[in-house]
There are 2 protein chains.
Amino acid sequence: MSKHTNESALASKLADKGIRLTRQRRTLLDIIETSQGHLHASDLLTLAREQDERIDRATVYRTLSLLKGQGLVEELDLLHLDGSEHHYELKAQTSHVHIGCKGCGRIFEFQSELVKELESAVRRETGCAVESVRVEVAAWCPECRKRQ
Amino acid sequence: MSKHTNESALASKLADKGIRLTRQRRTLLDIIETSQGHLHASDLLTLAREQDERIDRATVYRTLSLLKGQGLVEELDLLHLDGSEHHYELKAQTSHVHIGCKGCGRIFEFQSELVKELESAVRRETGCAVESVRVEVAAWCPECRKRQ
DNA sequence: GTTCCTGCAAAGAGTTTGCAGTTCT
DNA sequence: AGAACTGCAAACTCTTTGCAGGAAC
């Protein structure tokens, strides 16, 4: 358990691992935990600068890479529906699918046990030790289907 | 049916759509059809230059983008196990999963009906019209597990 | 006090674009 | 002949790195 009781969940996890908590990291962790969505590095930079003028792109990338390395966030491509940035989200407990709408560009999430089943099938039939599974679907959402 | 009977399958499909077949495109289509794997743009460029010195990077990217637009090849990220290039493969008839080994970097394919099931579930439960499903797994292959 | 982190600036990958000339149908 | 395609060079986007100063423990 953490001795840093008034830290955010992510911050405590880092502190517990002996990783330094800087002002910049706290800011970034906070944004990542608060925003429920799928952030780009550049979104994150913009949001962070609202709280801390001087925060740098490099710090954002370095922090994301740190969190990814610690298994705390997940990197997604989301089918590059707009641009080719990577997206990041808190590592989820439950397996879910990301659905990107080719009309409006929104990202929807969809829970399904089938993801876990697929993961087991891979493990069982290939003998691979699975670390993570990413399912990304390109689609047209109901609203955009009408609008067409 | 195509009147271009001695073209490759991809070339015929393009010709049938009234898309011009240039020397460069034939070269590239040929490589894509022959190599069974997952090519990067830069792999493709290298291979193409063995047959045609003057072929340009831009032509490779433009051709890939054309084929993608026509639904003839699929773009993959393959978890960016090495670098952040995109990979391309012939659009497959059967749904499969790409497994990237974090040890050796090789990409394995794995067929499973679960992918189709997942696709149906998305369609049924979200009302989205699904265009494509990408499943990418990060894992350690049996050989690399031993070697660790 | 040491080690790690940061901002800055510059470089690096990967990809795209404008344009003048060439090739396809 | 006309539209579409190509090579070239330059630009662009996203991300990483080297370094000197600054903050965390």
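Values reported hereafter were calculated over all heavy atoms of this structure, with side chains retained and with hydrogens, waters and symmetry mates removed. We name chains A, B, ... by the order of the sequence lines, and we start the count at 1 in each one.
Residues from residues 59-76 of chain A that place a heavy atom under 4.0 Å from any atom of DNA chain D, listed by number: Y61(A), R62(A). Of the residues in residues 31-53 of chain B, not one places a heavy atom less than 4.0 Å from an atom of DNA chain D.
Distance D56(B) CG to dT22(C) C1': 14 Å, rounded to the nearest Å. Regarding L21(A), its CG atom lies at a distance of 15 Å from the C1' atom of dT6(C), rounded to whole Å. For the pair I55(A) CD1 and dG7(C) C1', the computed distance is 10 Å after rounding to whole Å. Rounded to whole angstrom, the span from the CG atom of L14(A) across to the C1' atom of dC4(C) amounts to 14 Å. Rounded to whole Å, atom C1' of dT13(D) lies 12 Å from atom NE2 of H86(A). The nearest whole Å value for the distance from the CZ atom in R57(A) to the C1' atom in dC5(C) is 18 Å. Nucleotide dT15(D) holds its C1' atom 12 Å from the NE2 atom of H80(B), rounded to whole Å. One atom, CG of L78(A), and another, P of dC14(D), lie 14 Å apart when rounded to the nearest Å.
Every pair passing ring pair (Phe, Tyr, Trp, His ring centres under 6.0 Å) that includes a residue from residues 39-60 of chain A is listed here, sequence neighbours excluded: H40(A)-H87(A).
Among the nucleotides dC24(C), dA9(C), dG14(C), the one closest to any side-chain atom of T22(B) is dC24(C). Which of dG14(C), dA9(D), dC8(C) sits closest to the side chain of A58(B) comes down to dA9(D). Taking the side chain of R20(B) as heavy atoms from C-beta on, and the options dA24(D), dT17(D), dA4(D), the nearest nucleotide is dA4(D).
Side-chain atoms of R26(A) never come within 3.5 Å of backbone atoms of A11(A) as a donor-acceptor pair (strictly under, hydrogens ignored).
Checking L39(B), T59(B), V60(B) one by one against L45(B), the side-chain contact (heavy atoms from CB on, under 4.5 Å) holds for a single residue, V60(B).
Heavy-atom nearest nucleotides on DNA chain C were determined for I19(B) and for Y88(B), and the one closer to the 5' end corresponds to Y88(B).
Taking 4.0 angstrom as the limit, Q24(B) places a side-chain polar atom (N or O) nearer than this to OP1 or OP2 of dG7(D).
If you chain together ILVMFWY residues whose side-chain heavy atoms come under 4.5 Å of each other, W140(A) ends up in a group of its own. The hydrophobic cluster containing V130(B), built from Ile/Leu/Val/Met/Phe/Trp/Tyr side-chain heavy atoms closer than 4.5 Å, also comprises V97(A), I99(A), F108(A), F110(A), L114(A), V115(A), L118(A), V122(A), V130(A), V133(A), V135(A), V137(A), V97(B), I99(B), F108(B), F110(B), L114(B), V115(B), L118(B), V122(B), V133(B), V135(B), V137(B).
Considering only residues two or more places apart in sequence or on other chains, H38(B) meets the ring-ring contact (aromatic ring centres under 6.0 Å, His included) condition with H98(B).
For the atom pair OG1 (T94(B)) and NE2 (H96(B)), the distance works out to 6.5 Å, reported to the nearest 0.5 Å.
Residues E33(B) and S8(B) bring a donor and an acceptor atom of their side chains to less than 3.5 Å of each other.
Across all non-hydrogen atoms, the minimal contact from G127(A) to R145(B) is O-NH1, 2.8 Å.
Within the nucleic acid shown, R54(A) comes within 4.0 Å of sugar-phosphate atoms alone, with no base atom in reach, counting heavy atoms only.
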